[in-house]
Trainee: 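Shown below is the structure under consideration.
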Amino acid sequence: MVARLPTLLLLVLPSALAGQSTSDRAAFDHLRDSLAVVYDTAALRTLQRSFHDRRDPAGRVELALVALRRAELQADADAGDARDALRGVVKRWPGWPVAWHLLAQAEIRRAAWERADSLALGNRIGTGSLERAVENERRALDADPRYLPAALGLADLALGLRDTALYVPARDALRRADRAQADPPAALLLARGRLERATDEADSALAVFRRAAAGADSGVSAMARLEQARTALAAGAADGERLYYAEAATSDTAVVNGYRADLAPIAPDSDLTRFDRLTSADRSAWLKRFWSDRDHAALRADGERLREHYRRLLYARRHFALTISRRYYGTLDAYRSGSEELDDRGVIYVRHGEPGTRLRPFVFGLMPNETWRYGQADGDLLFHFSAGYDSNGGGDLYDYRLVESVLDLRGAADAPDDQLLLSRETLSPLYGRMLHWGPNGAARARSRERGIGRASIEYGTTTDSYELEFARRLAAYGDVIGIGARKGVPLAQFVFAVGAAATTPTPTIDGVSYAVRARVVLLDAAEHAVAHADTTLMFRVNRALTRGQYLIGRVELPTPAGHFAWRAAIEQGPEAGLVLPTDSVTVRSAGPTLSLSDLALGIRAASARWNPAPSDTVLLTPFNLFLAGSQVELYYEAAGAQAGTAYRHEIGVFRVGREGQVDDRPVVTLRVDEAARADVIRSHRTLQLARLKPGAYVVEVKVTAPDGTADVRRRAIRVVKPEH
């Protein structure tokens, strides 16, 4: 329904108002509410003209309110009439906080109009108007620190512009507003807490958020509890997780949207869709699974990944925030995040954290640039970021973008080749080859370097990680073997070896000891942890390890049947460790159909010992290297057998060619027909490697039932010459 002009005229304040009071502000609010239902711009224009002869501050404010409504309806899109009227008010009556606040609103309206102009050039369109709005809100609080709309507007503007230079003055203004009131509104405390956090005052932010959470406004209180949880998590405070999961059960839409916004920088669309479908009762459990899966995949303790995520968000928003209002993309932009909050450095930082190496070299001709390297067990990630712009369009000096190669950095064409490539030589020998090799070799190196950059971008912008890091690298090896069962539950055996390098023995009465921590996880196709372990094994030996000696250990994991990826880390002491590359294992069910386990290989000098049954010892080695001429113990299990029934066992060792193809004919063969003694066949065999020349081989075991049902398993090995 459209209000008519005569109704509006009845709402006009008396012209005799000499100053601003609480009742005056209420009347202004009443007028604004009434104007909000008016869509007749001609009537509004008539009303606006009726105020032109009034020279009292109240009349000019009323004129501005009508003009602002016309601006909202695009009749005066840049709010020029409102700004003109309000400038006169604040000039003659600077003690009127409402006028300063409305002038800020008019500047915000002008900024929106400027940004809507597609023909306007530049990446900071509207920023000047918003900065003036910030100053106007601050002046409103100077006039009256208790004026809540100005305090909230100041906080929103300062945080929205993402300019760290604005945070401290805005925070100080809200601190004064807080002190000026015996019982400050919860909304003020919520806004102040956000500014305290933005200025790295975590303790102050937490204290203010607690006060806001205790307020009577349920909506503000719920949001304050979420902000308290966010801040506590980023600071590593003990109660952060409890607050985070407790508040997740809320039905407050704004708070739920806040949870979702925090997940969005790392969660795939499929997870966000699942989150949107959750009920309040299910949300906390889903979030616990989301974060615990990431803890397990990163081989971390429960809660570490969640705390790290909020630390990263806070750091990225402070150091990699976009302070521009528009992002133009060009042909050299290898990635388009669509983010309006963070540049591409921030996108990568939130996903992968602090890089192991961060280069920010100065090269003549280049615009500002950085290269980050993440050392990971599955392959290093290398990211090149470039600020600035070029003839291909896109970019800004304050907007760092991902590029595939150092040759794509803005200004690279004008930079000396030697300085450009040598500035990255510490990252990879490829850069030296790109500079010094001949035309063909340099071209191959350039192609390889670009391929690494492209693959890093593709992987790095679609995954997230929290890789364990160690000051010293252990000489360690490991393997997961799907073999055995406990009470009908299949087992995965993690077997590892730790060499002498970087280890630290602890003296004991009769020798030395080594405490070795092993972390291992099995992940299904959806990257959910189906089994995990984090345990410390104590090894006691007569003397400290020397070169060629190893500590051999085993960790047993009950697991469902299936094909899984596995990750593991081995640590010795507080600073030495190694994350093993991701590998896979297939765990077969314990029955009832014929099912063959993994193949366990062992040598007495370097194997862990496992007892699948009383008086039955199996050797498990983490190594796939065996000496030519040696003797290797082979063990496997076949579940789902029928006791008393004869099964055929066929064992072959096949050579692997240079191209990775397995020969058709085995080098070593063994065929045995044996009756099963129980429903699980436990078979021990001995492989003689005397006939095998050094090289790559595959050990194959096939077990066949009388009805022709069969199962086959393989394991790759490498035979090497003995050292003399």
Side-chain angles (χ1 to χ4, degrees), residues 265-266 268 298 308-309 311-313 315-322 327 329-339 341-363 366-390 392 394-412 415 419-434 445-469 579:
I266 64 168
E308 172 68 4
H309 179 66
R311 186 202 66 79
R312 291 178 186 180
L313 283 175
Y315 185 92
R317 287 165 177 162
R318 184 159 181 81
H319 296 276
F320 308 126
L322 283 171
R327 300 187 81 184
Y329 289 98
T331 57
L332 291 184
D333 289 307
Y335 171 66
R336 303 188 178 196
S337 72
S339 175
E341 180 184 19
L342 300 173
D343 66 22
D344 289 357
R345 296 173 303 171
V347 170
I348 296 299
Y349 192 92
V350 172
R351 286 186 175 274
H352 301 286
E354 186 69 26
T357 303
R358 183 176 179 181
L359 298 181
R360 288 177 281 186
F362 172 79
V363 177
L366 276 186
M367 292 192 180
N369 63 95
E370 298 187 16
T371 296
W372 294 3
R373 180 178 182 172
Y374 292 87
Q376 298 196 339
D378 296 327
D380 292 356
L381 298 176
L382 197 63
F383 300 103
H384 305 291
F385 305 95
S386 184
Y389 44 84
D390 58 23
N392 293 295
D396 184 87
L397 283 173
Y398 298 94
D399 181 6
Y400 283 75
R401 308 282 185 88
L402 279 163
V403 295
E404 292 181 351
S405 166
V406 293
L407 302 178
D408 295 340
L409 297 172
R410 308 293 197 247
Q419 293 185 34
L420 173 63
L421 297 176
L422 293 177
S423 69
R424 266 72 179 182
E425 192 176 27
T426 58
L427 297 174
S428 170
L430 279 173
Y431 294 102
R433 296 169 191 166
M434 291 166 66
R446 286 187 173 91
S447 177
R448 174 64 176 156
E449 188 263 352
R450 182 175 295 279
I452 291 172
R454 183 184 299 117
S456 294
I457 292 172
E458 181 178 356
Y459 179 83
T461 57
T462 56
T463 62
D464 62 280
S465 64
Y466 190 19
E467 194 86 344
L468 290 169
E469 296 181 353
V579 179

Trainee: Counting only heavy atoms not in Tyr398, do more than 12 sit closer than 6.0 Å to its OH atom?
Mentor: no

Trainee: To check you understand the geometry: which heavy-atom pair defines the closest contact between Val363 and Ala415, and what is its length?
Mentor: CG1-CB, 4.0 Å

Trainee: On a heavy-atom basis, which atom in Arg327 and which in Ser337 lie closest, and how many Å separate them?
Mentor: NH1-OG, 3.2 Å

Trainee: Tell me, do Thr426 and Leu359 make a side-chain contact under 4.5 Å, heavy atoms counted?
Mentor: yes

Trainee: Tell me the closest heavy-atom pair linking Gly375 and Asp380, and the distance in Å.
Mentor: CA-OD1, 3.3 Å

Trainee: Nearest 0.5 angstrom please: Thr461 OG1 to His352 NE2, how far?
Mentor: 7.5 Å

Trainee: Flag yes if more than 12 heavy atoms outside Gln419 fall under 6.0 Å of its CD atom; otherwise flag no.
Mentor: yes

Trainee: Side chain to side chain contact (heavy atoms under 4.5 Å, CB included), that's the test. Do Leu407 and Leu420 meet it? Break it down for me.
Mentor: CA-CA 8 Å; Leu407 302 178; Leu420 173 63; 4.0 Å; yes

Trainee: Just wondering, do Asn369 and Val403 contact through their side chains at under 4.5 Å, heavy atoms?
Mentor: no

Trainee: Roughly how far apart are Leu322 CG and Glu341 CD, rounded to 0.5 Å?
Mentor: 8.5 Å

Trainee: Got a second to check how far Thr462's OG1 is from Ile266's CD1, nearest 0.5 Å?
Mentor: 12.5 Å

Trainee: Does atom CZ (Arg336) have a neighbourhood of more than 12 heavy atoms from anything else shown, all under 6.0 Å?
Mentor: yes

Trainee: List the atom of Ser405, the atom of Glu449, and the distance in Å for their closest heavy-atom pair.
Mentor: OG-OE1, 2.6 Å

Trainee: Kindly indicate, with the supporting measurements, whether the criterion salt bridge (charged side-chain N to carboxylate O under 4.0 Å, His left out) is fulfilled by Asp408 and Arg401.
Mentor: CA-CA 11 Å; Asp408 295 340; Arg401 308 282 185 88; over 6 Å; no

Trainee: Between atom OG1 of Thr463 and atom CD of Glu458, what is the distance when rounded to the nearest 0.5 Å?
Mentor: 10.5 Å

Trainee: With a 4.5 Å limit on heavy-atom distance, are the side chains of Val347 and Tyr335 in contact?
Mentor: yes

Trainee: Could you tell me whether the side chain of Ser386 and the main chain of Arg410 form a donor-acceptor pair under 3.5 Å?
Mentor: yes

Trainee: Residues in side-chain hydrogen bond (donor to acceptor under 3.5 Å, both in side chains) with Arg454, at least two apart?
Mentor: Glu404

Trainee: Compare all side-chain heavy atoms of Leu409 with those of Met367 and state whether any distance is below 4.5 angstrom.
Mentor: no

Trainee: Could you tell me the separation between the CZ atom of Arg424 and the OH atom of Tyr431, rounded to the nearest 0.5 Å?
Mentor: 7.5 Å

Trainee: Where do His309 and Val350 land on the side chain to side chain contact (heavy atoms under 4.5 Å, CB included) test, with the steps shown first?
Mentor: CA-CA 7 Å; His309 179 66; Val350 172; 4.0 Å; yes

Trainee: Could you pull out all residues at least two apart from Phe385 that satisfy ring pair (Phe, Tyr, Trp, His ring centres under 6.0 Å)?
Mentor: Trp372

Trainee: Shortest non-hydrogen contact from Met434 to Ala445?
Mentor: CG-CB, 3.7 Å

Trainee: Shortest non-hydrogen contact from Gly338 to Tyr329?
Mentor: N-OH, 3.6 Å

Trainee: Please answer whether the main-chain N or O of Glu467 pairs with a side-chain N or O of Gln376 as donor and acceptor at a distance below 3.5 Å.
Mentor: no

Trainee: Any side-chain heavy atom of Arg312 sitting closer than 4.5 Å to one from Pro265?
Mentor: no

Trainee: With under 30° as parallel and over 60° as perpendicular, where do the rings of Tyr374 and Phe383 fit, or are they tilted in between?
Mentor: perpendicular

Trainee: Between atom CG of Asp399 and atom CZ of Arg345, what is the distance when rounded to the nearest 0.5 Å?
Mentor: 9.0 Å

